[in-house]
**Student:** 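Questions regarding the structure given below will be posed in turn.
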Amino acid sequence: MSPRAAATAAVVAVALAAALGWWLGPAEDVPATASATSAPGPALMAWPPATARAATASLPAASAPRPSAPLSPLGKAERRAQLALWQGRLERAQATLDGYRTSAQYPHESRPIEEHPDQVRPFEPISEERALRMPGGTAPQDVKLLTTQERVFASGTESSRVTVALQSAQGRPLPLRVTRAVIREVTPPGATASTAEFTPDANDAGRAGDARAGDGVISVLVHPAAQGFGGFAGTVRLELLLEHAGQPGFLYFDLVYSPETAAVWLPGVREAASPAGIDFFVKAMVRLPGRYVVSARIDDVQGEPVALASFNAEVGAGEQEFRLPVFGKLLRDTSPAMPLKVRDIEAFLLKPDRFPDRVMLPRHAGVQHTSRVHAIASFSNAEWEGEEKTRYLTELTKDVDEATRQVQRLGP
(Lines give C-alpha, C1' and ligand atoms only; values in the text may rest on other atoms or scores of the structure.)
Protein backbone atom coordinates (compact mmCIF):
# COMPACT_ATOMS: atom_id res chain seq x y z
CA MET A 1 0.00 0.00 0.00
CA SER A 2 1.36 3.41 -0.88
CA PRO A 3 1.97 6.02 1.85
CA ARG A 4 -0.89 8.15 0.44
CA ALA A 5 -3.32 5.18 0.59
CA ALA A 6 -2.21 4.34 4.11
CA ALA A 7 -2.79 7.90 5.27
CA THR A 8 -6.24 7.93 3.71
CA ALA A 9 -7.17 4.64 5.44
CA ALA A 10 -6.00 6.03 8.79
CA VAL A 11 -8.17 9.13 8.41
CA VAL A 12 -11.23 7.00 7.60
CA ALA A 13 -10.56 4.77 10.62
CA VAL A 14 -10.30 7.76 12.94
CA ALA A 15 -13.53 9.17 11.52
CA LEU A 16 -15.36 5.85 12.05
CA ALA A 17 -14.13 5.56 15.62
CA ALA A 18 -15.19 9.13 16.39
CA ALA A 19 -18.62 8.52 14.85
CA LEU A 20 -19.17 5.38 16.92
CA GLY A 21 -18.13 7.23 20.06
CA TRP A 22 -20.63 10.04 19.35
CA TRP A 23 -23.60 7.68 18.72
CA LEU A 24 -22.92 5.33 21.63
CA GLY A 25 -21.79 7.81 24.25
CA PRO A 26 -24.16 8.72 27.18
CA ALA A 27 -26.23 11.91 26.98
CA GLU A 28 -24.32 13.54 29.79
CA ASP A 29 -21.11 13.34 27.72
CA VAL A 30 -22.55 15.71 25.11
CA PRO A 31 -21.08 19.19 25.59
CA ALA A 32 -23.49 21.98 26.56
CA THR A 33 -24.90 24.03 23.69
CA ALA A 34 -22.86 27.11 22.97
CA SER A 35 -24.43 30.46 23.76
CA ALA A 36 -25.99 32.51 21.01
CA THR A 37 -23.09 34.95 21.16
CA SER A 38 -20.39 32.30 20.69
CA ALA A 39 -18.59 32.27 17.35
CA PRO A 40 -19.18 28.98 15.54
CA GLY A 41 -16.02 26.90 15.49
CA PRO A 42 -15.12 23.54 14.00
CA ALA A 43 -16.78 21.67 16.93
CA LEU A 44 -20.22 23.21 16.07
CA MET A 45 -20.19 22.05 12.46
CA ALA A 46 -22.42 19.14 11.35
CA TRP A 47 -21.28 16.03 13.18
CA PRO A 48 -20.81 13.22 12.47
CA PRO A 49 -19.78 13.89 8.89
CA ALA A 50 -21.90 12.40 6.14
CA THR A 51 -19.24 9.82 5.33
CA ALA A 52 -19.17 8.65 8.97
CA ARG A 53 -23.00 8.48 9.23
CA ALA A 54 -23.09 6.36 6.08
CA ALA A 55 -20.42 4.06 7.47
CA THR A 56 -22.16 3.54 10.82
CA ALA A 57 -25.63 2.99 9.28
CA SER A 58 -24.63 -0.59 8.48
CA LEU A 59 -23.87 -1.38 12.17
CA PRO A 60 -27.28 -2.08 13.80
CA ALA A 61 -25.86 -3.98 16.76
CA ALA A 62 -23.76 -1.00 17.79
CA SER A 63 -26.79 1.40 17.79
CA ALA A 64 -28.90 -0.61 20.37
CA PRO A 65 -29.20 1.00 23.87
CA ARG A 66 -27.02 -0.35 26.62
CA PRO A 67 -28.96 -2.47 29.14
CA SER A 68 -29.16 -0.93 32.65
CA ALA A 69 -27.23 -2.60 35.39
CA PRO A 70 -29.36 -5.03 37.44
CA LEU A 71 -30.39 -3.80 40.89
CA SER A 72 -28.75 -5.30 43.93
CA PRO A 73 -30.98 -7.04 46.53
CA LEU A 74 -30.78 -3.88 48.63
CA GLY A 75 -31.77 -1.73 45.64
CA LYS A 76 -34.73 -3.99 44.89
CA ALA A 77 -35.91 -3.75 48.49
CA GLU A 78 -35.68 0.05 48.43
CA ARG A 79 -37.61 0.13 45.15
CA ARG A 80 -40.36 -2.08 46.61
CA ALA A 81 -40.57 0.17 49.68
CA GLN A 82 -40.88 3.27 47.51
CA LEU A 83 -43.53 1.59 45.37
CA ALA A 84 -45.57 0.65 48.45
CA LEU A 85 -45.27 4.21 49.74
CA TRP A 86 -46.53 5.73 46.51
CA GLN A 87 -49.30 3.15 46.16
CA GLY A 88 -50.55 4.19 49.61
CA ARG A 89 -50.35 7.85 48.62
CA LEU A 90 -52.26 7.12 45.43
CA GLU A 91 -55.06 5.36 47.34
CA ARG A 92 -55.37 8.24 49.81
CA ALA A 93 -55.23 10.89 47.08
CA GLN A 94 -57.90 9.10 45.03
CA ALA A 95 -60.13 8.64 48.10
CA THR A 96 -59.77 12.32 48.97
CA LEU A 97 -60.61 13.38 45.42
CA ASP A 98 -63.62 11.07 45.24
CA GLY A 99 -64.87 12.18 48.65
CA TYR A 100 -64.60 15.86 47.82
CA ARG A 101 -66.26 15.38 44.43
CA THR A 102 -69.19 13.67 46.14
CA SER A 103 -69.55 16.26 48.90
CA ALA A 104 -69.21 19.18 46.49
CA GLN A 105 -72.39 18.29 44.61
CA TYR A 106 -74.23 20.77 46.87
CA PRO A 107 -73.21 24.26 48.05
CA HIS A 108 -72.09 24.95 51.63
CA GLU A 109 -75.32 26.72 52.52
CA SER A 110 -77.56 23.78 51.51
CA ARG A 111 -76.53 20.42 52.94
CA PRO A 112 -78.19 17.07 53.62
CA ILE A 113 -79.26 17.01 57.28
CA GLU A 114 -77.62 13.59 57.71
CA GLU A 115 -74.25 15.35 57.54
CA HIS A 116 -75.18 17.31 60.69
CA PRO A 117 -76.90 14.93 63.12
CA ASP A 118 -76.17 17.29 66.02
CA GLN A 119 -78.18 20.02 64.26
CA VAL A 120 -81.43 18.09 63.79
CA ARG A 121 -82.87 19.22 67.17
CA PRO A 122 -80.80 22.26 68.13
CA PHE A 123 -83.09 23.48 70.91
CA GLU A 124 -83.31 20.28 72.93
CA PRO A 125 -81.72 20.55 76.40
CA ILE A 126 -78.22 19.17 76.83
CA SER A 127 -78.54 15.94 78.83
CA GLU A 128 -75.68 14.33 80.77
CA GLU A 129 -75.09 11.57 83.28
CA ARG A 130 -72.60 12.41 86.04
CA ALA A 131 -71.23 11.04 89.27
CA LEU A 132 -72.12 12.31 92.75
CA ARG A 133 -68.77 13.44 94.09
CA MET A 134 -66.76 16.33 95.41
CA PRO A 135 -63.77 17.57 93.37
CA GLY A 136 -60.98 15.01 93.75
CA GLY A 137 -63.19 12.67 95.75
CA THR A 138 -64.50 9.21 95.12
CA ALA A 139 -67.99 8.54 93.80
CA PRO A 140 -70.41 5.81 94.86
CA GLN A 141 -71.04 3.32 92.08
CA ASP A 142 -74.69 2.68 92.90
CA VAL A 143 -76.04 6.18 92.14
CA LYS A 144 -75.92 8.59 89.21
CA LEU A 145 -76.85 12.22 88.59
CA LEU A 146 -79.00 13.06 85.58
CA THR A 147 -78.69 16.68 84.49
CA THR A 148 -80.06 18.93 81.73
CA GLN A 149 -79.11 22.42 80.62
CA GLU A 150 -81.42 24.36 78.33
CA ARG A 151 -78.65 26.29 76.52
CA VAL A 152 -75.01 27.31 76.80
CA PHE A 153 -75.27 30.70 75.00
CA ALA A 154 -77.71 33.44 75.96
CA SER A 155 -78.17 37.11 75.13
CA GLY A 156 -80.33 39.98 76.34
CA THR A 157 -83.23 38.72 78.47
CA GLU A 158 -82.77 35.02 77.66
CA SER A 159 -82.52 32.47 80.47
CA SER A 160 -81.38 28.85 80.82
CA ARG A 161 -83.09 26.23 82.96
CA VAL A 162 -80.92 23.61 84.70
CA THR A 163 -82.26 20.40 86.23
CA VAL A 164 -80.67 17.78 88.49
CA ALA A 165 -82.05 14.40 89.59
CA LEU A 166 -80.53 11.39 91.34
CA GLN A 167 -81.16 7.76 90.44
CA SER A 168 -79.93 4.36 91.52
CA ALA A 169 -77.93 2.26 89.11
CA GLN A 170 -81.20 0.48 88.28
CA GLY A 171 -82.98 3.78 87.43
CA ARG A 172 -84.98 4.22 90.66
CA PRO A 173 -85.40 7.87 91.80
CA LEU A 174 -83.47 8.75 94.94
CA PRO A 175 -83.78 11.75 97.29
CA LEU A 176 -81.36 14.60 96.68
CA ARG A 177 -80.82 17.85 98.53
CA VAL A 178 -79.19 21.10 97.38
CA THR A 179 -77.23 22.50 100.33
CA ARG A 180 -75.98 25.56 98.47
CA ALA A 181 -76.63 27.22 95.10
CA VAL A 182 -74.83 30.29 93.79
CA ILE A 183 -74.42 32.07 90.43
CA ARG A 184 -71.28 34.10 89.88
CA GLU A 185 -69.20 35.40 87.01
CA VAL A 186 -66.10 33.52 85.91
CA THR A 187 -63.12 35.87 86.03
CA PRO A 188 -59.55 35.38 84.77
CA PRO A 189 -56.97 34.42 87.43
CA GLY A 190 -56.11 37.42 89.59
CA ALA A 191 -59.04 39.52 88.35
CA THR A 192 -61.80 40.86 90.59
CA ALA A 193 -65.44 40.11 89.79
CA SER A 194 -67.44 43.11 88.58
CA THR A 195 -70.78 41.69 89.77
CA ALA A 196 -72.07 40.29 93.03
CA GLU A 197 -72.90 36.61 93.51
CA PHE A 198 -76.56 35.66 93.29
CA THR A 199 -78.36 32.91 95.19
CA PRO A 200 -81.02 31.34 92.94
CA ASP A 201 -84.03 29.29 93.96
CA ALA A 202 -83.14 25.60 93.56
CA ASN A 203 -86.41 23.73 94.09
CA ASP A 204 -88.72 20.83 93.26
CA ALA A 205 -91.84 22.78 94.21
CA GLY A 206 -93.11 23.81 90.79
CA ARG A 207 -91.84 27.41 90.95
CA ALA A 208 -88.99 29.48 89.45
CA GLY A 209 -88.70 27.33 86.34
CA ASP A 210 -89.47 23.96 87.94
CA ALA A 211 -91.82 22.09 85.58
CA ARG A 212 -93.57 19.80 88.07
CA ALA A 213 -93.60 19.78 91.85
CA GLY A 214 -92.47 16.68 93.72
CA ASP A 215 -91.18 14.68 90.76
CA GLY A 216 -87.66 14.39 92.19
CA VAL A 217 -86.21 16.80 89.62
CA ILE A 218 -84.63 19.93 91.11
CA SER A 219 -84.71 22.98 88.83
CA VAL A 220 -82.70 26.20 88.83
CA LEU A 221 -83.28 29.15 86.51
CA VAL A 222 -80.18 31.05 85.37
CA HIS A 223 -81.44 34.45 84.17
CA PRO A 224 -78.44 36.83 83.97
CA ALA A 225 -80.35 40.02 83.10
CA ALA A 226 -82.65 39.56 86.12
CA GLN A 227 -79.98 38.34 88.54
CA GLY A 228 -77.55 41.26 88.48
CA PHE A 229 -75.51 40.36 85.37
CA GLY A 230 -77.33 42.60 82.89
CA GLY A 231 -74.18 44.62 82.16
CA PHE A 232 -71.75 41.70 82.14
CA ALA A 233 -70.44 39.96 79.01
CA GLY A 234 -68.74 36.65 79.63
CA THR A 235 -69.33 33.37 81.45
CA VAL A 236 -71.66 33.09 84.41
CA ARG A 237 -71.48 29.87 86.44
CA LEU A 238 -74.09 28.07 88.49
CA GLU A 239 -72.48 26.09 91.32
CA LEU A 240 -74.44 23.48 93.27
CA LEU A 241 -73.47 21.68 96.48
CA LEU A 242 -75.48 18.46 96.81
CA GLU A 243 -76.05 15.78 99.43
CA HIS A 244 -77.57 12.28 99.44
CA ALA A 245 -77.53 10.02 102.49
CA GLY A 246 -74.46 11.80 103.85
CA GLN A 247 -72.63 11.64 100.49
CA PRO A 248 -71.71 15.16 99.27
CA GLY A 249 -71.44 16.19 95.67
CA PHE A 250 -70.59 19.23 93.58
CA LEU A 251 -71.74 20.33 90.11
CA TYR A 252 -71.41 23.47 88.01
CA PHE A 253 -72.96 24.71 84.77
CA ASP A 254 -71.55 27.51 82.59
CA LEU A 255 -73.59 29.94 80.51
CA VAL A 256 -71.87 32.28 78.02
CA TYR A 257 -73.81 35.53 78.20
CA SER A 258 -73.95 38.78 76.22
CA PRO A 259 -76.23 41.63 77.33
CA GLU A 260 -76.58 43.04 73.79
CA THR A 261 -79.51 42.67 71.42
CA ALA A 262 -78.09 42.21 67.93
CA ALA A 263 -81.34 42.00 65.95
CA VAL A 264 -85.07 41.50 66.33
CA TRP A 265 -87.01 39.04 64.19
CA LEU A 266 -89.73 40.38 61.91
CA PRO A 267 -92.80 38.26 61.12
CA GLY A 268 -93.21 36.21 57.98
CA VAL A 269 -91.10 33.91 55.79
CA ARG A 270 -90.89 34.46 52.04
CA GLU A 271 -90.14 31.73 49.52
CA ALA A 272 -88.97 31.81 45.89
CA ALA A 273 -88.65 28.72 43.70
CA SER A 274 -86.63 28.22 40.52
CA PRO A 275 -84.92 25.28 38.78
CA ALA A 276 -81.94 25.98 41.07
CA GLY A 277 -84.03 25.17 44.17
CA ILE A 278 -86.19 26.87 46.78
CA ASP A 279 -85.01 29.94 48.68
CA PHE A 280 -86.59 30.80 52.01
CA PHE A 281 -86.11 34.35 53.32
CA VAL A 282 -86.44 35.28 57.00
CA LYS A 283 -86.51 38.93 58.02
CA ALA A 284 -85.00 40.81 60.94
CA MET A 285 -84.42 44.36 62.08
CA VAL A 286 -80.66 44.47 62.52
CA ARG A 287 -79.38 46.75 65.25
CA LEU A 288 -75.72 45.71 65.20
CA PRO A 289 -74.21 45.32 61.70
CA GLY A 290 -71.71 42.55 61.07
CA ARG A 291 -71.47 38.89 60.10
CA TYR A 292 -74.63 36.93 60.84
CA VAL A 293 -74.84 33.13 60.89
CA VAL A 294 -78.38 31.80 60.45
CA SER A 295 -79.54 28.19 60.09
CA ALA A 296 -82.89 26.45 59.64
CA ARG A 297 -84.00 22.84 59.49
CA ILE A 298 -86.03 21.76 56.46
CA ASP A 299 -88.47 18.86 56.96
CA ASP A 300 -90.84 17.11 54.58
CA VAL A 301 -94.59 17.11 55.13
CA GLN A 302 -94.35 14.15 57.54
CA GLY A 303 -91.76 15.96 59.63
CA GLU A 304 -88.78 13.92 58.42
CA PRO A 305 -85.61 16.06 58.40
CA VAL A 306 -84.28 16.71 54.89
CA ALA A 307 -81.77 19.55 54.80
CA LEU A 308 -79.89 22.17 56.77
CA ALA A 309 -80.17 25.58 55.10
CA SER A 310 -77.83 28.35 56.25
CA PHE A 311 -76.75 31.95 55.75
CA ASN A 312 -73.30 33.32 56.57
CA ALA A 313 -72.50 36.85 55.40
CA GLU A 314 -72.00 40.46 56.40
CA VAL A 315 -75.13 42.60 56.66
CA GLY A 316 -75.74 46.23 57.53
CA ALA A 317 -78.08 47.82 60.02
CA GLY A 318 -81.78 48.10 59.29
CA GLU A 319 -84.35 45.69 57.89
CA GLN A 320 -82.61 42.70 56.33
CA GLU A 321 -83.50 39.35 54.76
CA PHE A 322 -81.47 36.21 55.36
CA ARG A 323 -81.57 33.76 52.43
CA LEU A 324 -81.84 30.08 53.39
CA PRO A 325 -81.57 27.96 50.20
CA VAL A 326 -82.51 24.35 49.51
CA PHE A 327 -80.48 23.31 46.46
CA GLY A 328 -82.28 21.80 43.47
CA LYS A 329 -80.10 18.69 43.14
CA LEU A 330 -80.50 18.04 46.86
CA LEU A 331 -84.27 18.02 46.35
CA ARG A 332 -83.90 15.73 43.33
CA ASP A 333 -81.67 13.32 45.24
CA THR A 334 -83.79 13.16 48.42
CA SER A 335 -87.26 13.50 46.82
CA PRO A 336 -88.97 14.83 49.98
CA ALA A 337 -92.74 14.67 50.28
CA MET A 338 -94.12 18.16 49.66
CA PRO A 339 -94.79 20.67 51.08
CA LEU A 340 -91.61 21.46 53.01
CA LYS A 341 -91.55 22.86 56.53
CA VAL A 342 -89.06 25.41 57.84
CA ARG A 343 -88.44 25.01 61.58
CA ASP A 344 -86.09 25.81 64.46
CA ILE A 345 -84.34 28.89 63.08
CA GLU A 346 -81.16 29.72 64.98
CA ALA A 347 -79.05 32.85 64.48
CA PHE A 348 -76.24 34.88 66.01
CA LEU A 349 -73.99 37.85 65.27
CA LEU A 350 -70.41 36.61 65.08
CA LYS A 351 -67.76 38.67 66.88
CA PRO A 352 -64.39 37.19 65.93
CA ASP A 353 -61.35 37.61 68.18
CA ARG A 354 -63.56 38.48 71.16
CA PHE A 355 -65.19 36.71 74.08
CA PRO A 356 -68.05 36.14 74.01
CA ASP A 357 -67.62 35.62 70.27
CA ARG A 358 -71.35 35.84 69.47
CA VAL A 359 -74.59 37.59 70.29
CA MET A 360 -77.53 35.23 70.03
CA LEU A 361 -80.86 36.15 68.47
CA PRO A 362 -84.03 34.82 70.14
CA ARG A 363 -84.83 31.27 69.14
CA HIS A 364 -87.41 30.68 66.40
CA ALA A 365 -88.54 27.30 67.73
CA GLY A 366 -91.00 25.05 65.91
CA VAL A 367 -92.39 25.28 62.37
CA GLN A 368 -92.11 28.84 61.05
CA HIS A 369 -93.26 28.31 57.47
CA THR A 370 -94.86 25.69 55.23
CA SER A 371 -93.92 25.89 51.56
CA ARG A 372 -96.05 25.60 48.49
CA VAL A 373 -96.24 22.22 46.77
CA HIS A 374 -93.53 21.94 44.12
CA ALA A 375 -92.93 19.13 41.63
CA ILE A 376 -89.54 17.53 42.30
CA ALA A 377 -88.98 17.21 38.52
CA SER A 378 -89.14 21.01 38.20
CA PHE A 379 -85.73 21.33 39.90
CA SER A 380 -82.41 20.99 38.12
CA ASN A 381 -80.26 17.91 38.65
CA ALA A 382 -77.06 19.89 37.95
CA GLU A 383 -74.29 19.84 40.53
CA TRP A 384 -73.10 22.99 42.26
CA GLU A 385 -70.26 24.75 40.47
CA GLY A 386 -67.99 27.46 41.78
CA GLU A 387 -64.45 28.83 41.79
CA GLU A 388 -63.67 27.11 45.08
CA LYS A 389 -64.80 23.72 43.78
CA THR A 390 -62.77 24.10 40.57
CA ARG A 391 -59.67 25.05 42.54
CA TYR A 392 -59.97 22.14 44.96
CA LEU A 393 -60.62 19.60 42.20
CA THR A 394 -57.60 20.87 40.26
CA GLU A 395 -55.25 20.54 43.22
CA LEU A 396 -56.59 17.16 44.31
CA THR A 397 -56.31 15.83 40.74
CA LYS A 398 -52.67 16.96 40.65
CA ASP A 399 -52.00 14.82 43.75
CA VAL A 400 -53.58 11.79 42.06
CA ASP A 401 -51.65 12.32 38.80
CA GLU A 402 -48.31 12.70 40.61
CA ALA A 403 -48.85 9.54 42.65
CA THR A 404 -49.91 7.66 39.49
CA ARG A 405 -46.72 8.70 37.68
CA GLN A 406 -44.56 7.53 40.57
CA VAL A 407 -46.32 4.17 40.79
CA GLN A 408 -45.88 3.64 37.07
CA ARG A 409 -42.20 4.61 37.29
CA LEU A 410 -41.47 2.24 40.16
CA GLY A 411 -43.74 -0.58 39.07
CA PRO A 412 -42.66 -3.68 37.13
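Not measured: the values here are computed from a predicted model.
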**Student:** Is any NZ, NE, NH1 or NH2 atom of the basic residue among Asp98 and Arg101 found under 4.0 Å from an Asp or Glu carboxylate oxygen of the other?
**Tutor:**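 Yes, this pair counts.
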**Student:** For a side-chain contact (heavy atoms from CB on, under 4.5 Å) check, start with the C-alpha distance between Phe355 and Thr235, then their side-chain angles and the critical distance, and finish with the verdict.
**Tutor:** CA-CA 9 Å; Phe355 184 79; Thr235 302; 3.2 Å; yes
**Student:** Does any part of the side chain of Phe253, heavy atoms only, come nearer than 4.5 Å to the side chain of Val164, both counted from C-beta?
**Tutor:**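 Contact flag for Val164/Phe253 side chains = yes.
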**Student:** In terms of ring plane angle, is the pair Tyr100 and Tyr392 parallel, tilted or perpendicular, where the classes change at 30° and 60°?
**Tutor:**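 Rings of Tyr100 and Tyr392: parallel, as their planes differ by under 30°.
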**Student:** Can you confirm whether more than 12 heavy atoms, excluding those of Asp118, are under 6.0 Å from its CG atom?
**Tutor:**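 Counting other residues, nucleotides and ligands, CG of Asp118 exceeds 12 neighbours.
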**Student:** Quick check for you: to the nearest 0.5 Å, what is the distance between Glu128 atom CD and Leu145 atom CG?
**Tutor:**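 Nearest 0.5 Å value for the CD-CG distance: 11.0 Å.
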**Student:** Can you find a heavy atom in the side chain of Val326 that is under 4.5 Å from one in the side chain of Leu331?
**Tutor:**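 Yes - at least one pair of side-chain heavy atoms lies under 4.5 Å apart.
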**Student:** Checking Trp384 against Gln105 for the side-chain contact (heavy atoms from CB on, under 4.5 Å) test, could you report, in this order, the C-alpha distance in whole Å, the side-chain angles of both residues, the deciding distance, and whether it holds?
**Tutor:** CA-CA 5 Å; Trp384 169 69; Gln105 296 178 88; over 6 Å; no
**Student:** Going by the rule side-chain contact (heavy atoms from CB on, under 4.5 Å), which residues pair with Val220 if we only count those two or more places apart in sequence or in a different chain?
**Tutor:**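 Applying side-chain contact (heavy atoms from CB on, under 4.5 Å) to Val220 gives Pro200, Ala202, Leu238, Leu240.
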**Student:** Among side-chain atoms of Gln406 and Arg409, is any donor-acceptor pair under 3.5 angstrom?
**Tutor:**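 Looking only at side-chain atoms, Arg409 and Gln406 do form a donor-acceptor pair, the distance falling under 3.5 Å.
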**Student:** Side chain of Arg180, backbone of Leu242: donor and acceptor closer than 3.5 Å?
**Tutor:**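 Not a single qualifying donor-acceptor pair exists.
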**Student:** Quick one: which of Arg287, Arg358, Lys351 gives a salt bridge (Lys or Arg N to Asp or Glu O under 4.0 Å) with Glu260?
**Tutor:**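 It is Lys351; the other options fail the test.
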**Student:** What is the minimum heavy-atom distance between Ala205 and Ala213, and which atoms define it?
**Tutor:**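 Residues Ala205 and Ala213, closest heavy atoms: C-CB, 3.4 Å.
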**Student:** When you compare the side chain of Tyr106 with that of Lys329, does any pair of heavy atoms fall below 4.5 Å?
**Tutor:**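 A side-chain contact exists here, since the closest heavy-atom pair is under 4.5 Å.
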**Student:** Below 4.0 angstrom, N of the basic side chain to O of the carboxylate: do Glu402 and Arg89 qualify?
**Tutor:**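 No, no charged N to carboxylate O under 4.0 Å.
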**Student:** Write down the atom of Leu166, the atom of His244, and the distance for their closest heavy-atom approach.
**Tutor:**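 So the minimum-distance heavy-atom pair works out to CD2-CG, 3.3 Å.
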**Student:** Quickly, which of His108, Glu115, Glu109 forms a side-chain hydrogen bond (donor to acceptor under 3.5 Å, both in side chains) with Arg111? Name it, please.
**Tutor:**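 Answer after filtering His108, Glu115, Glu109: Glu115.
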**Student:** Could you measure the distance from the CD1 atom of Ile113 to the CG atom of Leu308? Nearest 0.5 Å is fine.
**Tutor:**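 One gets 4.5 Å once the value is rounded to the nearest 0.5 Å.
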**Student:** Under the rule for side-chain contact (heavy atoms from CB on, under 4.5 Å), what residues qualify as partners of Arg133, not counting sequence neighbours?
**Tutor:**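 Partners of Arg133 under the side-chain contact (heavy atoms from CB on, under 4.5 Å) test: Ala131, Ala139.
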**Student:** With sequence neighbours excluded, tell me which residues meet salt bridge (Lys or Arg N to Asp or Glu O under 4.0 Å) with Arg363.
**Tutor:**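 Once residues adjacent in sequence are excluded, Arg363 has no partner under the salt bridge (Lys or Arg N to Asp or Glu O under 4.0 Å) criterion.
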**Student:** Taking side chain as C-beta onward, heavy atoms only, is Arg291 less than 4.5 Å from Asn312?
**Tutor:**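 In short, these two side chains touch, coming nearer than 4.5 Å.
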**Student:** Which pair of heavy atoms, one from Ile345 and one from Phe123, lies closest together, and at what distance?
**Tutor:**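 What the structure gives for the nearest pair is O-CZ, 3.6 Å.
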**Student:** Take Tyr292 and Phe322 through the side-chain contact (heavy atoms from CB on, under 4.5 Å) test and state the conclusion after the steps.
**Tutor:** CA-CA 9 Å; Tyr292 279 77; Phe322 304 122; 4.0 Å; yes
**Student:** Can you measure from CD (Gln227) to OG1 (Thr195) and round to the nearest 0.5 angstrom?
**Tutor:**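 Going from CD on Gln227 over to OG1 on Thr195, the span is 11.0 Å.
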**Student:** Should we count CZ of Arg172 as having more than 12 external heavy atoms under 6.0 Å?
**Tutor:**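 For Arg172, atom CZ is not crowded (no more than 12 foreign heavy atoms under 6.0 Å).
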**Student:** Considering only NZ, NE, NH1 and NH2 on the basic side and carboxylate oxygens on the acidic side, decide whether Glu158 and Arg151 come within less than 4.0 Å.
**Tutor:**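 So Glu158 pairs with Arg151 through a salt bridge.
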**Student:** Could you tell me whether the side chain of Pro305 reaches within less than 4.5 Å of the side chain of Arg343, counting heavy atoms only?
**Tutor:**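 A side-chain contact exists here, since the closest heavy-atom pair is under 4.5 Å.
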**Student:** Does the side chain of Asp201 reach to within under 4.5 Å of the side chain of Leu221, using non-hydrogen atoms?
**Tutor:**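 Not in contact.
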**Student:** More than 12 heavy atoms of other residues, nucleotides or ligands under 6.0 Å from CD of Gln141: yes or no?
**Tutor:**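 Count not over threshold, so no.
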**Student:** Pairs under 3.5 angstrom only: tabulate donor-acceptor contacts from the side chains of residues 272-282 to other protein residues two or more places apart or in another chain.
**Tutor:**
{"residue": "Ser274", "atom": "OG", "partner": "Ala276", "partner atom": "N", "Å": "3.2"}
{"residue": "Asp279", "atom": "OD1", "partner": "Arg323", "partner atom": "NE", "Å": "3.4"}
{"residue": "Asp279", "atom": "OD1", "partner": "Arg323", "partner atom": "NH2", "Å": "3.4"}
{"residue": "Asp279", "atom": "OD2", "partner": "Arg323", "partner atom": "NE", "Å": "3.1"}

**Student:** Can you check whether Pro352 reaches Leu350 side chain to side chain, under 4.5 Å on heavy atoms?
**Tutor:**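 Contact flag for Pro352/Leu350 side chains = yes.
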**Student:** Would you give the length of the straight line joining atom OG of Ser160 to atom CG of Leu255, rounded to the nearest 0.5 angstrom?
**Tutor:**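 Between atom OG of Ser160 and atom CG of Leu255 there are 5.5 Å.
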**Student:** My understanding is that only residues two or more places apart in sequence, or in another chain, count here; which of them pass side-chain contact (heavy atoms from CB on, under 4.5 Å) with Pro248?
**Tutor:**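 So Pro248 forms a side-chain contact (heavy atoms from CB on, under 4.5 Å) with Met134.
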**Student:** Under 6.0 Å between the ring centres of Tyr257 and Phe232?
**Tutor:**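 Not under 6.0 Å, so no.
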**Student:** So, do Thr147 and Arg130 sit near enough that their side-chain heavy atoms are less than 4.5 Å apart?
**Tutor:**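 Yes, close enough: below the 4.5 Å cut-off.
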**Student:** Which value, rounded to the nearest 0.5 Å, describes the distance between Leu396 atom CG and Gln94 atom CD?
**Tutor:**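 That separation rounds to 10.0 Å.
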**Student:** Should the ring pair Trp265 and His364 be called parallel, tilted or perpendicular, given that the plane angle runs from 0 to 90° and is split at 30 and 60?
**Tutor:**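 Geometry flag for His364 against Trp265: parallel rings.
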**Student:** Any salt bridge between Glu395 and Arg391, counting N to O under 4.0 Å?
**Tutor:**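 No, Glu395 and Arg391 are not salt-bridged.
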**Student:** For the side chain of Asn203 and the backbone of Arg207, is there at least one donor-acceptor N/O pair under 3.5 Å apart?
**Tutor:**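 Present.
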**Student:** Who are the salt bridge (Lys or Arg N to Asp or Glu O under 4.0 Å) partners of Glu319, not counting sequence neighbours?
**Tutor:**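 Salt bridge (Lys or Arg N to Asp or Glu O under 4.0 Å) check on Glu319 returns nothing, list empty.
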**Student:** Distance-only, no hydrogens or angles: does the Asp344 side chain make a donor-acceptor pair with backbone N or O of Gly366 under 3.5 Å?
**Tutor:**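 At least one qualifying donor-acceptor pair exists.
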**Student:** Under a 4.0 Å threshold between the charged nitrogen and the carboxylate oxygen, would Arg237 count as salt-bridged to Glu185?
**Tutor:**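 Looking at Glu185 and Arg237, the cut-off is not met.
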**Student:** For the residue pair Phe327 and Glu383, what are the closest heavy atoms and their distance?
**Tutor:**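 Scanning both residues completely, I find the closest heavy atoms to be CZ-C, 4.0 Å.
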**Student:** Just wondering, are more than 12 heavy atoms of other shown residues or ligands nearer than 6.0 Å to CZ in Arg270?
**Tutor:**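 Yes, the 6.0 Å shell around CZ holds more than 12 heavy atoms from other groups.
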**Student:** Do Glu243 and Arg177 meet the salt-bridge criterion of a basic N to acidic O distance under 4.0 Å?
**Tutor:**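 Between Glu243 and Arg177 there is a salt bridge, with a charged N closer than 4.0 Å to a carboxylate O.
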**Student:** I need the minimum non-hydrogen distance between Ala211 and Arg161, along with the two atoms involved.
**Tutor:**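 Closest approach of Ala211 to Arg161: N-NH1, 3.7 Å.
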**Student:** Show your working on side-chain contact (heavy atoms from CB on, under 4.5 Å) between His116 and Ser295 and close with a plain yes or no.
**Tutor:** CA-CA 12 Å; His116 303 276; Ser295 61; over 6 Å; no
**Student:** Between Gly231 and Pro259, what is the shortest heavy-atom contact and its length?
**Tutor:**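 For Gly231 and Pro259, the tightest heavy-atom pair comes out as C-CG, 4.3 Å.
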**Student:** Using atom types as modelled and distance alone, determine if a side-chain donor or acceptor of Ser159 lies under 3.5 Å from a backbone N or O of His223.
**Tutor:**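 Looks like no, no N/O pair under 3.5 Å.
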**Student:** Is it true that the side chains of Thr148 and Thr163 contain a donor and an acceptor less than 3.5 Å apart?
**Tutor:**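 Distance-only check passes for Thr148 and Thr163.
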**Student:** Does Asp300 pair with Lys341 as a salt bridge, N-O distance under 4.0 Å?
**Tutor:**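 Judged by the 4.0 Å cut-off on N to carboxylate O distance, Asp300 and Lys341 do not form a salt bridge.
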**Student:** When rounded to the nearest 0.5 angstrom, what is the spacing between CG in Leu132 and CD in Gln247?
**Tutor:**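 Nearest 0.5 Å value for the CG-CD distance: 5.0 Å.
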**Student:** Kindly say whether Val182 contributes a backbone atom to a donor-acceptor pair with the side chain of Thr199 at under 3.5 angstrom?
**Tutor:**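 Not a single qualifying donor-acceptor pair exists.
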